[in-house]
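Have a look at the structure below before the remarks.
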Amino acid sequence: MKSLILAAVSAVTLALAGPALAGPVTLKANPVDTDGQVTLGDIFDGADGAANVVVGRRAGPSIVFEAGQLQSLARQAGLHWANPTGLRRVVVRDAGMAPGGAVSAAPAVVAPAGYAAPARVAPGQRVISRNDMVEVIYETGGVRLTITGRAEGNAAEGQSLAVRNLQSNRIIDTVATGPGRAIAGPAAQTARTQQFAAR
């Protein structure tokens, strides 16, 4: 009987201790990583003991996380991110591609009202590589839709790029606009026309 009571007390103690261990963290203004392995410490300030927990592997110049996915990953590591500004996505970039090797060349956090301005790259330089996660903006008639898909090839800024919608598994014809970003729909058609006229 005594052992049963002790076991019950231990279980309750562990259950109560779990939430108490969840430390609040804040999102870094420009999350970057240096080696392709993205950790909670790369993304959040205050990750402390969970800073080395790997949450993703970046295959190209950037990787995009859904905000809900990040909250879940943080929670599993005993951290709490409240997402006070209601972000939908967070972009983590290669620190080596940023000026000075440490600060991102463009805002890395994508807010609900729009997307980050393209990073400065040399003309013709590849901004998206095959299998990169790409945020695609489709805008028409004042309506803007955003989806995240996987690049089916490589592209420089202004080049056509096939992106696979991971939810429907369909291919979307897009035009690359910067690292981890592309446009589709009428805007993409306009960009293709301008590119063709410039040749």
Side-chain angles (χ1 to χ4, degrees), residues 27-34 36 38 42-43 55-70 83 85-99 102-196 198:
L27 187 67
K28 292 186 174 183
N30 291 301
V32 295
D33 79 279
T34 56
V38 181
D42 293 327
I43 300 170
V55 293
R57 286 177 171 76
R58 176 183 48 74
S62 64
I63 181 172
V64 180
F65 292 93
E66 297 291 331
Q69 173 193 18
L70 265 187
N83 190 10
T85 55
L87 297 173
R88 292 178 302 174
R89 293 176 181 82
V90 175
V91 180
V92 180
R93 304 190 192 286
D94 179 359
M97 292 186 65
V103 182
S104 179
V109 177
V110 182
Y115 64 98
R120 292 180 183 175
V121 293
Q125 179 181 336
R126 181 191 300 178
V127 293
I128 296 175
S129 298
R130 182 179 175 83
N131 292 326
D132 277 1
M133 296 305 292
V134 180
E135 181 182 69
V136 179
I137 304 287
Y138 180 94
E139 192 168 13
T140 182
V143 176
R144 171 180 286 199
L145 301 174
T146 306
I147 65 111
T148 300
R150 179 173 289 118
E152 293 289 298
N154 306 323
E157 187 173 336
Q159 287 186 339
S160 294
L161 173 71
V163 175
R164 185 176 297 277
N165 183 332
L166 299 181
Q167 293 181 337
S168 67
N169 207 36
R170 295 180 68 177
I171 297 294
I172 305 166
D173 291 324
T174 74
V175 172
T177 59
R181 292 183 302 279
I183 53 175
Q189 185 58 44
T190 301
R192 287 191 194 95
T193 302
Q194 290 173 344
Q195 184 183 21
F196 182 79

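Note that the coordinates shown come from a computational prediction; the quantities given were computed from them, not determined experimentally.
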Exercise. What do the steps show when you test Tyr138 against Ile172 for side-chain contact (heavy atoms from CB on, under 4.5 Å), and what is the final call?
Worked result: CA-CA 10 Å; Tyr138 180 94; Ile172 305 166; over 6 Å; no

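- The salt bridge (charged side-chain N to carboxylate O under 4.0 Å, His left out) pairs that include a residue from residues 160-180 are Glu152-Arg164, where partners are two or more places apart or lie in different chains.
- Residue Ala162 comes nearest to Ile171 through the heavy atom pair CB-CG2, 3.8 Å, listed as atom of the first residue, atom of the second, then distance.
- Taking the side-chain contact (heavy atoms from CB on, under 4.5 Å) definition, one finds that Ala67 meets it with Trp81, Asn83, sequence neighbours left out.
- When all heavy atoms of Glu139 and Pro186 are compared, the closest pair comes out as O-CD, 3.9 Å.
- Considering CG of Leu70 and CG of Leu87, their distance stands at 10.0 Å, rounded to 0.5 Å.
- Nearest heavy-atom pair, Lys28 versus Pro31, reported as atom, atom and distance to 0.1 Å: O-CD, 3.5 Å.
- Between Arg126 and Ile128, the closest heavy-atom pair is CG-O, 3.1 Å.
- Here the closest heavy-atom approach between residue Thr174 and residue Ala184 is recorded as CG2-CB, 4.1 Å.
- Taking CZ of Arg144 as the start and CD1 of Ile137 as the end, the distance is 5.0 Å to the nearest 0.5 Å.
- Using a distance-only test at 3.5 Å, with no hydrogens or angles considered, a donor-acceptor pair links the side chain of Asn154 to the main chain of Arg130.
- In terms of the salt bridge (charged side-chain N to carboxylate O under 4.0 Å, His left out) criterion, Asp42 has no residue partners (sequence neighbours excluded).
- Side chain of Thr34 to backbone of Ala95: no donor-acceptor contact under 3.5 angstrom is found.
- Judged as a side chain to side chain donor-acceptor pair (under 3.5 Å), and not counting sequence neighbours, the contacts of Glu66 are Arg89, Thr148.
- Summarising the geometry, atom CG belonging to Asp33 is positioned 9.0 Å from atom CD1 belonging to Ile43; distances are rounded to the nearest 0.5 Å.
- Taking Arg150 as the reference, nothing meets the side chain to side chain donor-acceptor pair (under 3.5 Å) condition, with sequence neighbours excluded.
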